[in-house]
Amino acid sequence: MIKDKTAFEPFSLEPIRLLSPEGEWIAPFELDLDEATLKGFYRDMVAARMLDEKFVILIRTGKTSFIAPHAGHEAAQVGIAHAMQRGHDWLFPYYRDMGLMVAMGVPMVEIFGQMLGNAADPAKGRQMPSHPGSKKLNIFTVCSAIASHIPPAAGAAISMKLRRTNQVAVCTFGDGATSEGDWHAGINFAAVQGAPAVFVCENNHYAISVDYAHQTSAHTIADKAHAYGIPGYRVDGLDVLASYYVMRHVIERSRAGAGAALVELEVYRYGPHSSADDDTRYRPKSEVDAARKRDPIARFRKFLEQRGLWDNVAENKLRTQIAHDLEAALQEAEAAGEAPAEWMFDDVLSSRPWHLEEQRKLVLDELR
Ligand SMILES: Cc1ncc(C[n+]2csc(CCOP(=O)(O)OP(=O)(O)O)c2C)c(N)n1
């Protein structure tokens, strides 16, 4: 039972939901978000979706080599970002979080630079595409190895507690990650240390072709929190307001000293696992079509329309603006050109030892 926005109950049988599938506000407490904030959520969700569509063009035209579609995860990702103190708290994301990057405020030029791996890439072209990070915004760089970022998130949170920085570490991952040893070790450590860490599963029910029933016999991912003595919240991740309010409650409870928590945001991934996957091999098209009818963006739009905050004119204006911004950012990123080859030797060690110096010289001579 939900009593109010500061008292969500963990381990609910049904996912916590504040918006009906038709976009009606069904929470037993007053909405306390102003018009600009609500429209900001919607703008970020639409931008995330349009970015996902743009990535498909990038892969089909050979401009990038890897994408991990995030369409279907927008409500969850926008809810997570807006519940954080962005730039103060730390985010430990995973590769499907490009919509989360948009909502965190990572500049689009940096996002495209990362996808192109060129001179516009803050990671200097040394990462796999769809593996962003941001030093400025306290976003830990994505690592491909599933769940390998859980122990670093736990460590950062323990450090925040010891140093009394008033920060929270928010760490995201998929349902498959919860079967990894790193996941259990990291969460146990954060829990036992009472660290301000919020672990967030974007449960899209598949780990590539492995469906939920073959992944775990746990009834829900949130239930796994029982093992570590921390609360586990199960949330409708297609509902941006439920995602936001529960995340805000859980983040602020951690910040106030109540320790770690686990949140499960139930979503659906509309696209294949990645550009290297054919999802028609393991899930019926009818399942994807049915999921598309529960689109988180359409649902939130209905909510805004019912409150007189949105219409077709606003929708067209928004989409035109985002399309323009995305194209401008992509062109700016492309214009940056290739990442200089010698960048691969930068920032590896605090000073370059003789053998790296020698290799750097070899590369430069070769290029000349
Ligand atoms: C340690 C490790 N094992 C296997 C892989 C290969 N792999 C890449 S993504 C993935 C599935 C992860 O699924 P999930 O955690 O549910 O996240 P999703 O991609 O569904 O969002 C696997 C097995 C990997 N990257 N790292």
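None of the values given here were measured: they were computed from a predicted structure. Side chains are part of it too, since the values below use all heavy atoms of this structure and drop only hydrogens, waters and symmetry mates. Indexing begins at 1, ligand by ligand and atom by atom, following the structure's order.
In summary, the side chains of Gln331 and Glu327 do present a donor paired with an acceptor at a separation below 3.5 Å, with no hydrogens or angles considered. A side-chain donor from one of Asp223 and Thr220 sits under 3.5 Å from a side-chain acceptor of the other. Side-chain atoms of Glu202 and Gln77 include a donor-acceptor pair closer than 3.5 Å. Between the side chains of Tyr282 and Asp277, at least one donor-acceptor pair of N or O atoms lies under 3.5 Å.
Contact check on Arg319 versus Glu315 returns a salt bridge, with a Lys/Arg side-chain nitrogen under 4.0 Å from an Asp/Glu carboxylate oxygen.
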Short N or O separations between ligand 1 and the protein, below 3.5 Å:
{"residue": "ligand 1", "atom": "15 (O)", "partner": "Gly176", "partner atom": "N", "Å": "3.2"}
{"residue": "ligand 1", "atom": "15 (O)", "partner": "Ala177", "partner atom": "N", "Å": "3.0"}
{"residue": "ligand 1", "atom": "16 (O)", "partner": "Asp175", "partner atom": "N", "Å": "3.2"}
{"residue": "ligand 1", "atom": "16 (O)", "partner": "Asp175", "partner atom": "OD1", "Å": "3.1"}
{"residue": "ligand 1", "atom": "16 (O)", "partner": "Gly176", "partner atom": "N", "Å": "2.7"}
{"residue": "ligand 1", "atom": "16 (O)", "partner": "Tyr206", "partner atom": "O", "Å": "3.2"}
{"residue": "ligand 1", "atom": "17 (O)", "partner": "Tyr95", "partner atom": "OH", "Å": "3.4"}
{"residue": "ligand 1", "atom": "19 (O)", "partner": "Tyr95", "partner atom": "OH", "Å": "2.7"}
{"residue": "ligand 1", "atom": "19 (O)", "partner": "Arg96", "partner atom": "NH2", "Å": "2.7"}
{"residue": "ligand 1", "atom": "19 (O)", "partner": "His273", "partner atom": "ND1", "Å": "3.3"}
{"residue": "ligand 1", "atom": "20 (O)", "partner": "Asn204", "partner atom": "OD1", "Å": "3.2"}
{"residue": "ligand 1", "atom": "20 (O)", "partner": "Asn204", "partner atom": "ND2", "Å": "3.3"}
{"residue": "ligand 1", "atom": "20 (O)", "partner": "Tyr206", "partner atom": "O", "Å": "2.6"}
{"residue": "ligand 1", "atom": "21 (O)", "partner": "Tyr94", "partner atom": "OH", "Å": "2.7"}
{"residue": "ligand 1", "atom": "21 (O)", "partner": "Arg96", "partner atom": "NE", "Å": "2.8"}
{"residue": "ligand 1", "atom": "21 (O)", "partner": "Asn204", "partner atom": "ND2", "Å": "3.3"}
{"residue": "ligand 1", "atom": "25 (N)", "partner": "Ser144", "partner atom": "O", "Å": "3.0"}
{"residue": "ligand 1", "atom": "26 (N)", "partner": "Ile146", "partner atom": "N", "Å": "3.1"}

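Using modelled atom types, no side-chain atom of Asp89 and backbone atom of Gln167 make a donor-acceptor pair closer than 3.5 Å.
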